[in-house]
Structures are given as C-alpha cells and as structure tokens.
Amino acid sequence: MKRRLTVLALASVVGIFGMSACANPTDNVGAQQSGSTDILAAVQKDDTIAAMLPEEIRQKGGFTISINADVAPVKFVDGDGKITGLNPELLRAAAKVLGTEAQFQEGTFDAMVPGLEAKRYDAIASVADFVERQTRIDFIDYLKNGTAIIASKNFEKDQVTPEQFCGMSIGYARGTSQQGNLEKYAQACADKGAPKLEVNGYQNSGAGILSVKSGAATAYWGDLPQMSYNVKTDPDSFKIVYQEQKSVLGIGIHKDNPQLRDALRAALLKLVEDGTYDALLDKWGLKDFGIPDMHVNSTNRLGGK
C-alpha cells in the first residue's frame with residue numbers, strides 16, 4: 001500500500017485521534033477491529049464484476065484513493081498506524097470483489113477534490129456530494145451525512161441557532177462547506193453590530209475537536225457521523241448543540257473514468273447483497289446512516305446542495 005506520511009506526521013495524526021475521538025480509544029478501536037478481519041476475509045472475488053474493471057487498473061495492481069484519515073469512525077489512523085474505519089474497510093472489501101487492491105494516499109481534505117479533478121489519483125474517499133462538485137466528478141453515495149456543532153459538555157447552552165452564533169468561537173476544517181457557512185454567519189454578526197463570531201480554520205477535524213476539549217475554542221462544526229461518534233464515545237467532554245442532516249457522502253470518481261465508477265459501484269452493490277455493507281455499518285456504529293442503493297450523484301434526487 002502506498003503511504004505518504006512521514007513517521008512524524010503519522011504520530012501526530014494518531015495523537016490527535018487518541019486525544020479527541022474517544023475517552024478510551026485503544027479499547028474501542030481494538031474491539032471494533034477484532035471483527036474486521038472476519039468480515040473482510042469472507043469477501044470473495046466476483047469474476048463477472050471484476051471483468052468490468054478498466055485494464056489499466058488491473059495492470060497497475062489496484063486503484064489509488066486520496067483520503068483524509070481524520071474522521072473517526074468513517075476514516076482514521078488507528079494506534080498501529082493503519083488506515084481504518086467504515087470507508088477504508090468498505091473500499092478494501094470492494095477491491096476484493098474486483099480482484100485488485102485499494103491503495104490509499106493520505107492527504108488533507110482541501111486537496112482532495114482539486115487533486116481528483118487534476119487526475120492525480122483514481123478516487124477520493126470521501127466527500128459530501130454537492131451539485132457544484134459534480135462538474136468533473138461522479139459520486140457513488142454510500143452514507144447519509146449532515147453537519148453538527150459540538151461544544152464542551154460544560155457549555156452553558158444545550159442547543160444554539162445560527163442567530164446565537166454571535167459571540168462564540170467555532171472551528172472548521174479548511175475546504176469544507178462549514179467554512180463558507182461560518183464566514184457568512186460571521187459577516188451577518190458584524191453587519192448587525194452583534195458580538196463577533198470568531199471562526200478558526202484547522203487543517204483537519206482532529207485538531208478542531210481537540211481545540212474544544214482543551215478550551216481553545218467554544219465549538220467545532222464538523223460532519224454529523226464524526227460529531228455523533230465523539231459525543232457517544234466521550235460524553236463527559238462533548239455535546240451536540242446544533243445539527244443539520246441535508247447531505248450524503250460519496251466516493252468520488254473522475255467523470256472521464258466511467259468504467260471504474262461502474263465497476264466500483266457494482267462491487268459495492270455486491271457487498272450490500274451479501275451482507276458485508278450492513279456488517280460494516282453495524283461494526284462502526286453507523287447503522288442509521290446507510291444508503292444501500294449506492295446511487296450516483298444522488299444529491300440531484302435529494303434536491304439539495
């Protein structure tokens with residue numbers, strides 16, 4: 001597997017996950033991964049589906065996937081330095097159906113979409129499927145998404161509205177839709193002479209979550225599955241004070257590569273059929289977020305952005 005992290009950077013990511021994702025990450029991750037081997041070991045190659053794979057992918061022995069592995073439990077680096085979570089395991093299983101390998105390349109969120117548009121890798125795993133991202137990219141939508149703001153358990157309010165953001169300090173991961181939303185709300189606070197909304201951009205969500213735990217920021221706005229996971233695994237530190245559920249997460253494939261898109265979608269649907277998809281959703285605590293139809297560009301069906 002192609003890895004692009006130095007030992008120092010890897011240690012940093014693992015450290016962030018350990019401090020921010022759950023109260024006892026070693027126990028939680030260990031328990032979850034104990035079932036991973038059995039689930040993936042049962043997956044078999046499907047010759048008919050494998051024949052759909054582009055010849056160039058077969059020749060190079062796998063497809064390359066850009067991933068920002070800092071969004072537990074969807075995708076993260078565990079204590080042993082392995083990329084894991086629902087998304088990587090789902091793609092490894094799909095690769096087995098296709099008789100090839102999923103080759104992950106770690107990077108930052110804000111570089112993923114531009115990198116795929118420039119064809120520096122074969123897929124991205126994964127980003128919210130917004131209509132404006134579909135110009136050059138097709139998304140195989142596999143997980144319901146949304147956004148949520150977490151605050152310290154001791155924050156004075158249990159729920160806030162956008163009108164109450166003024167006076168708060170809220171973080172976001174650079175390149176996400178939350179960045180644009182927060183910039184808009186910050187300007188609205190300024191326009192009406194309300195207390196300033198401080199917005200803080202972070203390179204990854206782990207750093208943003210840690211800022212809340214350390215008291216450096218009031219709150220952090222991230223993806224709903226990850227925020228829910230942090231509250232569930234560390235309820236003494238976090239609570240959700242704002243929530244939206246208006247989007248889906250998709251595995252992105254360049255529009256110039258429809259053969260790979262169709263082969264990968266067929267493999268994913270095979271995993272739905274044989275129960276692997278449900279088993280992985282259950283293992284990672286994401287049963288309520290599943291999209292078994294694996295539609296392409298389903299944002300168009302949802303009518304959202």
Side-chain angles (χ1 to χ4, degrees), residues 12-13 15-25 28-29 68-76 85 108-110 128 143-247 249 284-286 288-289:
S12 174
V13 172
I16 288 170
F17 172 72
M19 288 185 284
S20 66
C22 54
N24 196 347
N28 283 318
V29 173
N68 59 319
D70 59 18
V71 189
V74 179
K75 46 185 176 177
F76 64 96
T108 60
F109 180 87
D110 55 357
L143 198 69
K144 294 175 186 175
N145 194 32
T147 64
I149 295 177
I150 59 168
S152 167
K153 184 72 172 180
N154 298 322
F155 184 61
E156 61 269 22
K157 296 183 179 72
D158 288 330
Q159 296 291 323
V160 296
T161 65
E163 292 73 23
Q164 297 172 311
F165 290 173
C166 302
M168 294 179 64
S169 172
I170 305 177
Y172 62 86
R174 296 186 184 97
T176 61
S177 61
Q178 291 90 287
Q179 177 177 355
N181 290 338
L182 281 170
E183 289 170 350
K184 177 185 69 176
Y185 290 129
Q187 186 60 53
C189 293
D191 290 345
K192 64 185 179 182
K196 183 178 181 181
L197 167 58
E198 297 278 356
V199 296
N200 308 299
Y202 297 93
Q203 196 66 32
N204 58 62
S205 59
I209 294 167
L210 181 59
S211 73
V212 176
K213 192 164 188 174
S214 68
T218 309
Y220 178 79
W221 197 348
D223 284 348
L224 177 57
Q226 184 185 26
M227 299 304 99
S228 298
Y229 179 78
N230 276 272
V231 171
K232 179 180 179 180
T233 55
D234 195 354
D236 293 333
S237 296
F238 303 112
K239 62 183 177 181
I240 290 177
V241 296
Y242 178 75
Q243 180 174 318
E244 300 174 343
Q245 190 163 353
K246 299 179 179 178
S247 63
L249 289 178
W284 291 108
L286 294 168
D288 294 337
F289 293 89

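In this chain, numbering begins with 1 at the start of the sequence shown.
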How about [X] and [Y]: do any of their side-chain heavy atoms sit closer than 4.5 Å?
X	Y	value
Lys239	Asp158	yes
Val231	Ile150	yes
Gln226	Val74	no

Centroid-centroid distance, Phe289 to Trp284, less than 6.0 Å: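 For Phe289 and Trp284, the ring centres are not under 6.0 Å apart.
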Of the non-hydrogen atoms in [X] and [Y], which two are nearest, and what is the gap between them?
X	Y	answer
Cys166	Leu197	CA-CB, 4.4 Å
Leu224	Asn145	N-OD1, 4.0 Å
Gln203	Thr108	NE2-CG2, 3.0 Å
Gln178	Tyr172	CB-CB, 4.2 Å

Out of curiosity, [X] [atom1] to [Y] [atom2], how far, rounded to the nearest 0.5 Å?
X	Y	atom1	atom2	value
Thr233	Phe238	OG1	CZ	8.0 Å
Met227	Ser205	CE	OG	6.0 Å
Asn230	Lys213	CG	NZ	8.5 Å
Thr218	Tyr220	OG1	OH	15.0 Å
Leu286	Lys144	CG	NZ	12.0 Å
Gln179	Asp110	CD	CG	8.5 Å

Main-chain N/O of Pro225 paired with Asp223 side-chain donor or acceptor, under 3.5 Å: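 Not at all, since once roles are kept as given, no pair shorter than 3.5 Å links the two residues.
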Main-chain N/O of Ala217 paired to Glu198 side chain as donor or acceptor, under 3.5 Å: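 No; zero donor-acceptor contacts below 3.5 Å.
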Residue pairs involving residues 168-190 (criterion salt bridge (Lys or Arg N to Asp or Glu O under 4.0 Å); sequence neighbours excluded):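 Matches after skipping sequence neighbours: none remain.
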Residues which pass ring-ring contact (aromatic ring centres under 6.0 Å, His included) with Phe165, listed by chain and number, not counting sequence neighbours: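 Testing Phe165 for ring-ring contact (aromatic ring centres under 6.0 Å, His included), a comparison that skips the adjacent residues, returns Tyr185, Trp221, Tyr242.
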Test side chain to side chain contact (heavy atoms under 4.5 Å, CB included) applied to Lys153 and Asp236, step by step: CA-CA 6 Å; Lys153 184 72 172 180; Asp236 293 333; 5.9 Å; no
Qualifying residues under side-chain contact (heavy atoms from CB on, under 4.5 Å), relative to Ala219, sequence neighbours excluded: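 For Ala219 the side-chain contact (heavy atoms from CB on, under 4.5 Å) partners, ignoring immediate neighbours, are Ile149, Ala151, Met168, Ile170.
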